[in-house]
Structure formats: structure tokens, C-alpha cells
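Throughout, residue positions are numbered sequentially from 1 according to the sequence presented.
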Amino acid sequence: MNIISLKKGLRKIRKISIRTFLINNKLLIFLSIFLLVGIFFGAILLKYADSGVIKLINVLFLSDLKKRFSRTLLEVFVTSISSTFIFVILSFFIGLSTWGFVLAPLIPFARGICIGLTESYLYSAYGVNGIILHTVVFLPGIFVSSVAVLLMTREAMKISNHFSSMIFLKNRSESVHNSVKLYLVRAGCIVIIVIISSAIDLVSSLLFSRISSFVTI
């Protein structure tokens, strides 16, 4: 009976924890939906992309595995951090505008399109091996960097909404100075997450750079 009661108690705690997480992170979940929809669209759009678009994907994300594994570690790191930082910096400046909370969801959507295009390219170029390499080489860094983009977008929406409330609703419950200061601190923490994601991407590329059988197909 005690074991049964313990299991029931654990289930209740798990349900409460999930419910609490969903309630406290509604905005983050909302933005995650835009990211997932973007991935779906990106996967489809590759069919209609020309050679110029595919070349741009290869340059921005080093999705061409032969080129990725032939680059220096510094080049891989710089490319990885640049491909994420552009979304973070756009989110940052969007947050400083009064209408940024309307435009901010487009950032994870665009990020998702890029991820979807990369995934589709790897599959079309390398087949099943492309999926395997995407999982072990790209996905760890993509996951962490996507979290960083979602967090930055959420903060951008929050502060933009705060600015809008101050201007249009005359709500001055919190000073602009304190809001911007907190925004800068959180943005700094998110930049650290971006650096970590790029380091993960670098390590993944280093570990699997010698698997030539996958990339010579």
C-alpha cells in the first residue's frame, strides 16, 4: 500500500510540476511553436530553393559536411556563433522598440526555417547518413542555440511590451533604467549560452570529423 501511495504521490507531483512549468512559461512555449512551424516550412522550402539559396545555407551553417570537416576549428566556431548571434542581436534591438513584441515571434520562425533548410539539405545530400550526422554533429549545438534565441526573443517581447505600456497606457510601475539594466544583464547571460552552444558545435565537429565514410557518399 505504501508503494502504491508513493507512486500516486509521485504522479501528482509530476503533473503539478508540468502544469506549473506550462503556466510559468506560456510565452516561451508560444515562441517555441513559431520555431517548430519554421522548421516545418524550411523542410518544405528546400524543394523550391535554387542553387544560390543552398550555397548561402552552406556558407552560413557549414551544412556541407565535407567543407565543415575541412575547416579549421576556429572557422567552425566563428561560423557557429555567427549563425546564432545574428538572431540574438536582432531580437535584442527589436525588444528596444515599442512594437517589438509584435515582430519578435518572427525571429524564432526565421530561425526554424534555417534549421529546416539545413536538415532537408543534409537528407537530400547524404540520405540516412545525413540524418545520423545531423543528430550527432548539428543537433546538440542547434538545441542549445535555439534555447538562447527563444530566451532572447522572450525577453525582447517582455521589455517591448513594458515600453508600450509606459507610452500608450501611462503605466510607470517600473523605471526605464531598471528595465533596461535587467534586460542587458539577461542578454549578457544569453550570449554566454550562445558561446556554450558554439563550443558544443565545435566539439561535435571535432569528434566526428574523422568519419570520412559518411561524407564521401
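The closest side-chain heavy-atom distance from M157 to P105 is below 4.5 Å. Within the 4.5 Å cutoff, side-chain heavy atoms of F101 are placed close to those of S164. Between L45 and I113, the closest side-chain pair of non-hydrogen atoms falls below 4.5 Å. In this structure the side chain of S97 never reaches within 4.5 angstrom of the side chain of F163, judged on heavy atoms. Using a 4.5 Å cut-off on side-chain heavy atoms (C-beta onward), N161 and K158 make no contact.
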Throw together a table of side-chain donor-acceptor distances under 3.5 angstrom for residues 31-40, partners on residues two or more places apart or in other chains.
{"unit_1": "S32", "atom_1": "OG", "unit_2": "L28", "atom_2": "O", "d": "2.8"}

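In this structure, L74 shares a hydrophobic cluster with V78, the cluster being traced through Ile, Leu, Val, Met, Phe, Trp and Tyr side chains under 4.5 angstrom apart.
Annotation: the span from S145 atom OG to F85 atom CZ amounts to 13.5 Å, rounded to 0.5 Å. Separation of atoms CD1 (I193) and OG (S146) is listed at 12.0 Å; rounding is to 0.5 Å. Taking CG of L182 as the reference point, atom OG of S179 lies at 7.5 Å (rounded to 0.5 Å). Note: I190 CD1 to I195 CD1 = 12.5 Å, rounded to the nearest 0.5 Å.
At a cut-off of 3.5 Å, with distance as the only test, no side-chain donor of T153 or R111 sits close to an acceptor on the other residue.
If you chain together hydrophobic residues whose side chains sit under 4.5 Å apart, F138 and V136 fall into the same group. Hydrophobic clustering (ILVMFWY, side-chain heavy atoms < 4.5 Å, transitive): F143 and L202 are in one cluster. Under the 4.5 Å side-chain heavy-atom criterion for grouping Ile, Leu, Val, Met, Phe, Trp and Tyr, I200 is not connected to L139 through any hydrophobic cluster. Grouping the Ile, Leu, Val, Met, Phe, Trp and Tyr side chains by contacts below 4.5 angstrom, directly or via other members, places I196 with L151. With hydrophobic clusters built from ILVMFWY side chains whose heavy atoms lie under 4.5 angstrom apart, L96 does not share a cluster with V185.
At distances below 3.5 Å, not a single donor-acceptor pair connects side-chain atoms of S82 with backbone N or O atoms of T79. No donor-acceptor pair under 3.5 Å is formed between the side chain of S120 and the backbone N or O of L117. A donor-acceptor pair is defined here as one N or O able to donate and one able to accept, closer than 3.5 Å; no such pair exists between the side chain of T84 and the backbone of I81.
Considering every non-hydrogen atom in both V137 and S204, the closest pair reads O-CB, 3.4 Å. Of all the heavy atoms in S197 and V194, the pair that sits closest is OG-O, 2.6 Å. Annotation for S160 and G100: closest pair OG-N, 2.9 Å, computed over non-hydrogen atoms.
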Check: Does the side-chain contact (heavy atoms from CB on, under 4.5 Å) test come out yes or no for F109 and F41, once each step is laid out?
Finding: CA-CA 9 Å; F109 179 73; F41 271 95; 4.0 Å; yes
Next item on the list: Evaluate the criterion side-chain contact (heavy atoms from CB on, under 4.5 Å) for residue pair F87 and C114; output intermediate values, then yes/no.
Entry: CA-CA 11 Å; F87 294 102; C114 293; 3.8 Å; yes
Next item on the list: Step by step, work out the side-chain contact (heavy atoms from CB on, under 4.5 Å) result for I107 and V149.
Entry: CA-CA 8 Å; I107 300 297; V149 172; 4.0 Å; yes
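Considering only residues two or more places apart in sequence or on other chains, Y183 meets the ring pair (Phe, Tyr, Trp, His ring centres under 6.0 Å) condition with F92. Annotation: salt bridge (Lys or Arg N to Asp or Glu O under 4.0 Å) contacts of E119 (sequence neighbours excluded): none.
Within 6.0 Å of CG on L103 lie more than 12 heavy atoms contributed by other residues, nucleotides or ligands. Other residues, nucleotides and ligands contribute more than 12 heavy atoms inside 6.0 Å of the CZ atom of F77.
Screening residues 180-200 for salt bridge (Lys or Arg N to Asp or Glu O under 4.0 Å) gives E155-R186 as the qualifying pairs, with residues at least two apart or on separate chains. Under the side chain to side chain donor-acceptor pair (under 3.5 Å) criterion, no residue pair touches residues 34-44, with sequence neighbours excluded.
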